[in-house]
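Heads up: the structure comes next, in structure tokens.
Atom set for the values below is all heavy atoms of this structure, side chains included, hydrogens, waters and symmetry mates excluded. Throughout, protein chains are lettered first and strands after them, A, B, ... in sequence-line order, and every chain is numbered starting at 1.
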Amino acid sequence: MPELPEVETTVRGLQKTILGLTIKEIWTDLNTKDKRQIGNIANPRFFLYFKKEVLNKKILSVERRAKNILINLNNNKTILVHMKMTGHLLFNNKDKFVHVLFYLSKNNFLAFSDARKFGKITLINTNTIHDSTHLKHLGPEPLDKNFNEDKFKKALEKKPKGKIKTVLMDQSIIAGIGNIYSDEILWRIGMHPERKISKIKPSEFKTMFKALREILSKGIDFGGDSMSDYINVFGEKGEFQLHHKAYRRTGEKCKKKNCKGIILRKIINGRSAHFCNIHQK
DNA sequence: GACAATGTTACAGT
DNA sequence: CACTGTAACATTGT
């Protein structure tokens, strides 16, 4: 599951359910042939190591970094889960795409469901989390208390020639934003997704920073976006998809007050961008 | 059958 | 080096 609000919703669900439990057994039917997936339990050799390290360990805490879920154990190891496109974690709950099962103490279980099998589950050292190859390239957390307008502007300005939509989705510039939320942020502030960073005015950075925080927070408040297949650990859908202004509204009327525009779709750097033909400039 | 899909990464080319 | 396009990962849903 995809972007920051969906991952955050999942993490909050895990914090209510799995803390203090012990991992008793693990099952998977994944078996990748993708040579790039070295530290992934879909790799049979890694799975054996993973199992050895994780069995009989207790879950101390769960946190989020960008779109990654971090499950901290009592042996200085952290299970890192990245859901990619279609993954989700389910507590005491299964659906037809379950590929990994963590059997937990007190007859509980955590299932990893992933229709497209792109997801990644790996293990890193808790005390050197920042040096992990999976996390070290990531930019700042947009909802962090210490993140501000100035830091936001400086981060984006590392890509002066980049298109705003592409840069917002670049995890090394700012963490957690993907295709849905970038479309919604740009619709809100009336900026064309292909606007070059160098052509953004200071006042626009300010508005964008505010909109970005508000929209990501709104995504969390609505329990994530279930336009596609996201569900939380209890198997429940989120509701952000009911409030889209741009994402997947191709051909529909723009919802901005007094705007007569329609929503267009265009591939920008390999991803579908949805935007109003009139008010996004 | 064709096409698109919330993500990431490698690679080739400009 | 910076950036872009494409493919790949594997599968479902429209």
Tell me if the [atom1] atom of [X] is crowded by more than 12 foreign heavy atoms within 6.0 Å.
X     : atom1 : value
A/D29 : CG    : yes
A/K57 : NZ    : yes
A/K58 : NZ    : no

Within the 4.0 Å heavy-atom criterion, would you say A/K120 contacts the bases, only the backbone, or no part of the nucleic acid?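 The answer is nothing, as A/K120 stays clear of every strand by at least 4.0 Å.
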
Indicate, with a heavy-atom threshold strictly under 4.0 Å, whether A/F97 touches base, sugar-phosphate, or nothing.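 Answer is sugar-phosphate: A/F97 comes under 4.0 Å of backbone atoms only.
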
Separation of atom [atom1] in [X] from atom [atom2] in [N], rounded to whole Å:
X      : N      : atom1 : atom2 : value
A/H82  : B/dT8  : NE2   : P     : 4 Å
A/F112 : C/dT11 : CZ    : C1'   : 14 Å
A/N31  : C/dC9  : CG    : C1'   : 14 Å
A/I69  : B/dG7  : CD1   : P     : 14 Å
A/K159 : C/dA2  : NZ    : C1'   : 7 Å
A/D170 : C/dA2  : CG    : P     : 12 Å
A/N269 : B/dG7  : CG    : P     : 14 Å
A/I121 : C/dC9  : CD1   : C1'   : 16 Å

Look at the aromatic rings of [X] and [Y] and report parallel, tilted or perpendicular, splitting at 30° and 60°.
X      : Y      : result
A/H279 : A/W187 : perpendicular
A/Y247 : A/H274 : perpendicular
A/Y49  : A/F46  : tilted
A/H243 : A/F222 : parallel

Rounding to an integer number of angstrom, what distance separates [N] and [M] when you compare their [atom1] atoms?
N     : M     : atom1 : result
B/dC3 : C/dA7 : P     : 13 Å
B/dA4 : C/dT6 : P     : 13 Å
C/dA8 : B/dA5 : C1'   : 15 Å

Of the listed nucleotides (B/dT8, C/dG13, C/dC3), which one gets closest to any side-chain atom of A/K161?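 Per side-chain heavy atoms of A/K161, the pick is C/dC3.
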
Think A/K117 has a side-chain N or O under 4.0 angstrom from the OP1 or OP2 of C/dT11?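 The answer is yes; a side-chain N or O of A/K117 sits under 4.0 Å from OP1 or OP2.
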
With a 4.0 Å limit, can you tell me whether A/K67 has a side-chain N or O closer than that to the phosphate oxygens OP1/OP2 of B/dG7?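 True: A/K67 side-chain N/O within range (under 4.0 Å) of B/dG7 OP1/OP2.
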
Nearest heavy-atom neighbours spanning A/V54 and A/L123: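 Closest approach of A/V54 to A/L123, heavy atoms only: CG2-CD1, 3.8 Å.
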
Show me the protein contacts with nucleotides 2-5 of chain B, counting only N or O atoms at under 3.5 Å.
| residue | atom | partner | partner atom | Å |
| --- | --- | --- | --- | --- |
| B/dA5 | OP1 | A/S272 | OG | 2.8 |
| B/dA5 | OP2 | A/R265 | NH2 | 3.3 |
| B/dA5 | OP2 | A/S272 | OG | 2.9 |
| B/dA5 | O4' | A/R248 | NH2 | 3.2 |
| B/dA5 | N3 | A/R116 | NH1 | 3.3 |

Treat each ILVMFWY residue as a node, draw an edge where side-chain heavy atoms are under 4.5 Å apart, and state whether [X] and [Y] are in one component.
X      : Y      : value
A/F112 : A/W27  : no
A/L21  : A/F102 : yes
A/L156 : A/Y181 : yes

Starting at the 5' end of DNA chain C and moving along, which residue's nearest nucleotide shows up first, A/P160 or A/G270?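 This one resolves to A/P160.
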
Does anything in residues 133-143 of chain A reach DNA chain B, meaning a heavy atom under 4.0 Å, and if so which residues?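 Going residue by residue through residues 133-143 of chain A, none turns out to have a heavy atom under 4.0 Å of DNA chain B.
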
When you compare the ring of A/F118 with the six-membered ring of C/dC9's base, are the centres less than 5.5 Å apart and the planes under 30° from each other?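 Yes, A/F118 stacks on the base of C/dC9, since the ring centres sit under 5.5 Å apart and the planes are within 30°.
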
Validation row, ring centre A/H192 to ring centre A/F275 under 6.0 Å: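 Yes: the rings meet the under 6.0 Å criterion.
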
Runs of at least three consecutive Watson-Crick or G-U pairs, both distances under 3.5 Å, are what I'm after; which ones involve DNA chain C?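 Stems for DNA chain C, defined as runs of 3 or more consecutive pairs: B:2-5 with C:11-14, B:7-14 with C:2-9.
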
Checking side chain to side chain donor-acceptor pair (under 3.5 Å) between A/K165 and each of A/D183, A/N269, A/D170, which is the one that passes?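 Going through the options one by one, the only one that passes is A/D183.
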
